[in-house]
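A short write-up of the structure that comes next.
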Amino acid sequence: MEYKFRDIEKKWQQQWINTNAYKVSNVSDKPKFYVLDMFPYPSGAGLHVGHPLGYIASDIYSRFKRLKGFNVLHPMGYDAFGLPAEQYAIEHGVHPAVSTDQNINNFRRQLDNIGFCYDWDREVRTCDPGYYKWTQWIFLQLFNSFYNRKTNKAEKIDVLIASFEAEGNATHPIPNSQFPITAFTATEWKAFDEKTQQDILMQYRLAYCGYGEVNWCEALGTVLANDEVVNGVSERGGHPVVKKKLRQWYLRITEYADRLLEGLERIEFSESMKEMQTNWIGKSSGAEITFEIKRPPLTPPEGGDWQAAEQNRDNPTEEENRLWQRLRANQTGHHIRRQHIIDQYIVDFISIDKKVTIEVDGGYHNDAEQKQYDEVRTAFLKELGYEELRFTNEEVRNNIDAVVEAITQKLNSKPSVGQVSPSGEDLEGATLTVYTTRPDTIFGVDFMVIAPELDLVDQIKSAEQTTAVDEYIAYVKSRSERERQAEKKISGVFTGAYAVNPFDGREIPIWISEYVLAGYGTGAIMAVPCGDDRDFKFAQHFNIPITNIIGKHFNGEEANATKDAVLENSGFLNGTPMREAAEIVINKLEELGIGTRKVNFRMRDAAFSRQRYWGEPFPIQWKGGTAYPLSETELPLLLPEVDSYSPGPEGEGPLANIPEWVAKELETNTMPGYAGSSWYFLRYMDPKNEHAFCDRTVSDYWNQVDLYIGGTEHAVGHLLYSRMWTKTLYDLGHIGHDEPFKKLVNQGMIQGASRFVYRINGTNTFVSKDLLKSEEEYEGKKLDKLHVDVNFVDGYELDVEAFKKWRNNEHANAEFILENDKYICGSEVEKMSKSKFNTVNPDDLVNKYGADTFRMYEMFLGPVEISKPWDTKGIEGVHRFLKKLWRLFYDEVKGQVWNNDKATDAELKVLHKTIKKIEDDTERFSFNTGVSTFMIAVNELSDLKCHKKEILEPLLVLLAPYAPHIAEELYRRLQVSPSGGDLEGAFSILDANFPKFEAKYVTESTKDYPVAINGKTRTELTLDLSITQQEVEAIVLANETVQKWLEGKQPKKIIYVKNKMINVVI
RNA sequence: GCCCGGGUGGCGGAAUUGGUAGACGCAGCAGACUCAAAAUCUGCCGUUCGCAAGGAUGUGAAGGUUCGAGUCCUUUCCCGGGCACCA
């Protein structure tokens, strides 16, 4: 009777469905255990052998816990919204819902092959309205909440409004210090119009709207991710990419920064994972310091009475003021500032982002001299790319609405040219604010570096440096943030302006360089070259003199970031240890009102919208530029059908092309991929609930995910967002725990083992690998190295006939130069991907060897958390093991060989050794050594010719989590045979009890000790475990081998470590 | 560039707490069974010197700590993941 895995696996999979074997109840006396796999995106390429790695690990663990008496929740579902489906729709015209559905079906079919114990009644799909209704609902919770810094948790926005009505915002200052309105009283709050009130509330909401830059590719008509932009052009097609500012939703995750850090102490993530999250959050403390800027002198234009013109402009008119009140604070949806210097001119108003200037002409513009001046000026500005709008005082006085409307329309119609930092009104008497973690080094500041995209640059650049600065900015605009950070080449330009050190009045040159990013801190740093490596290299490169404030700690060769120095060249700080100086400086700064103590986070608020179709619509309606939430009863807001997946007229999402949608003033952005995946683990608990995202009693029962398995690629994305959502839901009282995942196990990637063939360039002749001296040429002729499908390479040997037929007989006429009648391929380890022809489909392997073999082999490959290349060859060994196991029960010739004989001590020792090791290994996720242990056990039992039920039955229970089908078959056979009976009626192994380890069967009284001389093992001695040091010494010294090495000398020392080893030191 | 991993035979890996490096499996070699093949079974299998006994050497590289280092420390090289619109 042979091992017919196909029949066995099919039979039990069906039987398990029939008996609802994997159904999980929310009510149980057993302790609960929640095992979760990271939410898969159902890609069109289907599963390759890398995908199920984590699923098999979690499946084994779930089954193990069930055997241990737990009520185990182990669900699966699909993160079904996402870009690939939309991209596929654009390319093939198939609706994303349709292709996603197909992909899911295929995904499911492939998963079912492998025999997982998922409770499929709990499946969820993020694109299902029954699911995204609750994603929208949670979004509304975020929108209708603010972070109360006093109670340190999220609270209803109503609480904030009540507080405003009672006492203004004294208790809850606006989080955004750049917002035009800073403080208001209760009376003022009540006097604000609705729009102003809503604008203010938006500054507090946990989900809020703002403006952010995106990579805009006009040719592709889409926004691109950073990694889709290479060298300033799109990866697909190489089209130019520009920065575009669009309205975006954000989540105020920064408010949770401290709690996200604190929570790490209460969860079992690997240290490296915690470190990554900690670094991402990037908490630092230091000071924000404001430096005055010494302005570059204005130089007069050619001809004209520029002085008079300047003077006129220095005193804003009544009309200018009135217009300003309508333009300030983004009321037009655009950031506008007034009295802005461009080169040697000052314009009344400007949108730097759109390169539009606005002039309000008073009477004095009628005199001839002024006219000439204006013409020169207009021409000059035009040259720089500015478009000028002019209005008369009368227009502003009599019909200001029309003026504002005209300005808004003009601004809407123009493309965005770059980032504008929302840095308040105008910057007259300009200052530069930097954030530093080392205020103690204030006297060592030799230059400043500011992000090139800051508006301030335009304002402070000198006439001489204008060209260089503008050229550099143009260069930086073409660079992605990633490229800027990764650039090794030092680059930058002096702005021509100087900041003034407040303590010694030293003038510090201000530079711009791409390595400073606008989004981090204030977008400006004070550079201390003697103490910071990058600053040092920058100073060296541009020959900026370096001030040494740390004496002998700085050798002039490289920077030294020490905090142990005593300060020199540091004015009033001379002689002060650095560690004390920071405090002194901060106090002094605060005293002078030019700086504040500041805790800074590297983490930014999370961008929460996409200009895409295939995502959750926001339950938001815009009325007169103000966002209003839909009511809960209007959920779900269904994703409508669209004719085209191209973006809206201003780069908005495709929803902007639907007239009815736009007419209802509904939000045209959709939510990003991580919306649905930030809370799915809660929905699995109560997947069909129509009245709540998850019933509170149910979430209280299942509580945290006890074990979460997934890749490190989610370290700082999904794993932070879902932690934040959980905390918000907890704060608002919807769930009872504030950390979603108790324990995280990371799974490594399975890489592809690519195979290559070598074709002589320009011919159809392929040369076998080992005949080549190099991969580039063969007998003086150049070679083409081509990927070949690994599925027709056996190890390294190419199946030549299969290769000829590959891809429609593409190589039908190929000729081969063979070695020993074989074609040997080259190899490389690469990412597993269709384009590299190195994917291996689990379906094929399951078909050939069975699910149990496949499961065990995936585990056998190596530790689950380590990346390793796939090698199909090795699967044979695992398959042989299962066949060998089968032969302990049934023989091909003799039939049943298992019996009810009493087990011997040796057999019991094998069993209990195995129980202990499997229990330990499974518990610590060392599944590869677990598989080895089974192999050793079966080898040993085969050697002992042990066919005893007493030994084999518990062994099957141990094996059941790893190879459930064969274990179930044999386990039930042990129950009904030899008397015969109904296998299906027998008791299932799924609910067996995990065998109990008993130490008495494995205790040893002796140990084979390695005996080392000076640390090198020379011989072995079998000694009683109870032996003493003295006895050991006597026996060791009497040993022949030891005596030989001693050469008559006395040993200095004999080290004896019980149960470990003996070392004789000579 | 920054942050986090990883590097052990021909290959995947083992060595759980600083204590016999290479368990288990693949590939390879030799043999048994067989008309033959498959399947199965037995033996060998890091490198090197040696007939052997036995020795030397060996965990990416270079140093160090220790009676003893794959494991701890310092420096360094290579590979993989992440860096905020892939999921």
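Numbered from 1 within each chain, the chains take letters A, B, ... in sequence-line order.
Between the P atom of B/rC85 and the CG atom of A/N215 lies a distance of 10 Å, rounded to the nearest Å. The distance from atom CE of A/M671 to atom C1' of B/rA87 is 18 Å, rounded to the nearest whole Å. The CG atom of A/D605 sits 12 Å away from the P atom of B/rC85 (whole-angstrom rounding). Rounded to whole Å, atom P of B/rC67 lies 11 Å from atom CG of A/N1014. In this structure, A/Y674 atom OH and B/rC83 atom P are separated by 13 Å, rounded to whole Å. Taking atom CD1 of A/I750 as the reference point, atom P of B/rG81 lies 15 Å away to the nearest angstrom. For A/I875 and B/rG25, the CD1 to P distance is 16 Å, given to the nearest whole Å. Put simply, CD on A/Q611 is 8 Å from C1' on B/rC85, counting in whole angstrom units.
Partner assigned to B/rU74 is B/rA62, using Watson-Crick or G-U wobble distances below 3.5 angstrom. In this entry B/rG12 has B/rC24 as its Watson-Crick or G-U wobble partner, both defining distances falling under 3.5 Å. For B/rC2, the paired nucleotide is B/rG82, the pair qualifying as Watson-Crick or G-U wobble because both relevant distances are below 3.5 Å. As the counterpart of B/rU57, B/rG46 is assigned, both hydrogen-bonding distances of the Watson-Crick or G-U wobble pattern falling under 3.5 Å. With a cut-off of 3.5 Å on both Watson-Crick or G-U wobble distances, the partner of B/rC41 is given as B/rG31.
Contact annotation for A/G673: no contact, since no heavy-atom pair falls under 4.0 Å across all strands. Within the 4.0 angstrom heavy-atom criterion, base atoms lie near A/V223. Using a 4.0 Å heavy-atom cutoff across all strands shown, A/W870 reaches no nucleic acid atom at all. Contact annotation for A/L224: backbone-only contact, meaning every heavy-atom pair under 4.0 Å involves sugar-phosphate atoms and none involves a base. Counting non-hydrogen atoms under 4.0 angstrom, A/H714 reaches a base of the nucleic acid. Counting non-hydrogen atoms under 4.0 angstrom, A/E2 reaches nothing in the nucleic acid. In this structure, A/L83 reaches the sugar-phosphate backbone alone: every heavy-atom distance under 4.0 Å involves primed, P, OP1 or OP2 atoms, never a base. Using a 4.0 Å heavy-atom criterion, one finds that A/M603 contacts the bases of the nucleic acid, with or without backbone contacts as well.
Side chain to side chain, A/T922 and A/Y962 meet the donor-acceptor criterion of an N or O pair below 3.5 Å. Using modelled atom types and a 3.5 Å distance limit, the side chains of A/T1022 and A/D1008 yield a donor-acceptor pair. For the residue pair A/T135 and A/W679, a side-chain donor N or O sits within less than 3.5 Å of a side-chain acceptor on the partner. Side-chain atoms of A/Q248 and A/R610 form no donor-acceptor pair, as typed in the model, at a separation below 3.5 Å. Side-chain contact check for A/N939 and A/K884: at least one donor-acceptor pair (N or O, by modelled atom type) lies under 3.5 Å. Judged by distance alone, the side chains of A/T254 and A/D605 do bring a donor and an acceptor atom under 3.5 Å apart.
Taking atom P in both B/rG70 and B/rG19, one finds a spacing of 10 Å when rounded to whole Å. Rounded to a whole angstrom, the distance from the P atom of B/rG1 to that of B/rU8 is 24 Å. B/rC44 and B/rA62 have their C1' atoms separated by 37 Å, given to the nearest Å. Remark: the separation of the P atoms in B/rG43 and B/rA37 is 22 Å, to the nearest Å. Between the C1' atoms of B/rU34 and B/rG22, the separation comes to 36 Å (whole Å). For B/rA69 and B/rG18, the C1' atoms lie 7 Å apart once the distance is rounded to whole Å. Comparing the P positions of B/rA39 and B/rA27 gives an interatomic distance of 10 Å, to the nearest angstrom. For B/rU17 and B/rC2, the P atoms lie 31 Å apart once the distance is rounded to whole Å.
On a pure distance criterion of 3.5 Å, no polar donor-acceptor pair joins the side chain of A/E713 and the base of B/rC86. Judged by distance alone, with hydrogens and angles left aside, A/N1063 brings a side-chain donor or acceptor within reach of the base of B/rC67, the pair sitting under 3.5 Å.
Between the side chain of A/N279 and the backbone N or O of A/G282, no donor-acceptor pair lies under 3.5 Å.
Between A/V49 and A/W870, the closest heavy-atom pair is CG2-CD2, 3.5 Å.
A salt bridge is absent between A/K1007 and A/E1020: the closest approach of a Lys/Arg side-chain nitrogen to an acidic carboxylate oxygen does not fall below 4.0 angstrom. A salt bridge links A/R247 with A/E667; the closest basic N to acidic carboxylate O contact falls under 4.0 Å.
Distances shorter than 4.0 Å separate none of the side-chain N or O atoms of A/R604 from OP1 or OP2 on B/rA84. Applying the 4.0 Å criterion to OP1 and OP2 of B/rC2, one finds that A/N279 has every side-chain N and O outside that range.
Shown here is A/E2, whose CD atom has more than 12 heavy atoms of other residues, nucleotides or ligands within 6.0 Å. Other residues, nucleotides and ligands contribute more than 12 heavy atoms inside 6.0 Å of the NZ atom of A/K274. A/K836 NZ: more than 12 foreign heavy atoms inside a 6.0 Å radius.
Under a cutoff of 6.0 Å and an axis angle of 45°, A/K916 and A/F997 form a cation-pi pair.
Of the two residues near RNA chain B, A/N939 and A/W280, the one whose nearest nucleotide lies more 5' is A/N939. Residues A/G874 and A/E228 both approach RNA chain B. Their nearest nucleotides, taken by heavy-atom distance, put A/G874 toward the 5′ side.
Closest to the A/T1017 side chain, of the nucleotides B/rC4, B/rA21, B/rG82, is B/rA21. Among the nucleotides B/rG1, B/rC26, B/rC85, the one closest to any side-chain atom of A/Q485 is B/rG1. The side chain of A/K873 sits closest to B/rC26 out of B/rA84, B/rC86, B/rC26.
Looking at residues 40-48 of chain A, you'll see A/Y41 sit with a heavy atom under 4.0 Å from some atom of RNA chain B.
Ring geometry for A/F39 versus A/Y680: interplanar angle under 30°, hence parallel rather than tilted (30 to 60°).
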### Query
How does protein contact run along nucleotides 38-57 of chain B, one letter per nucleotide 5' to 3', with B for base contact, S for sugar-phosphate only, - for none, heavy atoms under 4.0 Å?
-SSS------------SSSS
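With A/W614 as reference, A/F81 is the one residue of A/F81, A/Y645, A/Y88 to meet the ring-ring contact (aromatic ring centres under 6.0 Å, His included) rule.
A glycosidic torsion no more than 90° from 0 defines the syn conformation, and B/rG9 adopts it.
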Kindly give the atom pairs (protein nitrogen or oxygen, nucleotide nitrogen or oxygen) under 3.5 Å for nucleotides 7-17 of chain B.
from   : atom 1 : to     : atom 2 : distance (Å)
B/rG12 : O2'    : A/L861 : O      : 2.3
B/rG13 : O5'    : A/L861 : O      : 3.4
B/rG13 : O3'    : A/N928 : ND2    : 3.3
B/rA14 : OP1    : A/N928 : ND2    : 2.7
B/rU16 : N3     : A/R924 : NH2    : 3.4
B/rU16 : O4     : A/K917 : NZ     : 2.9

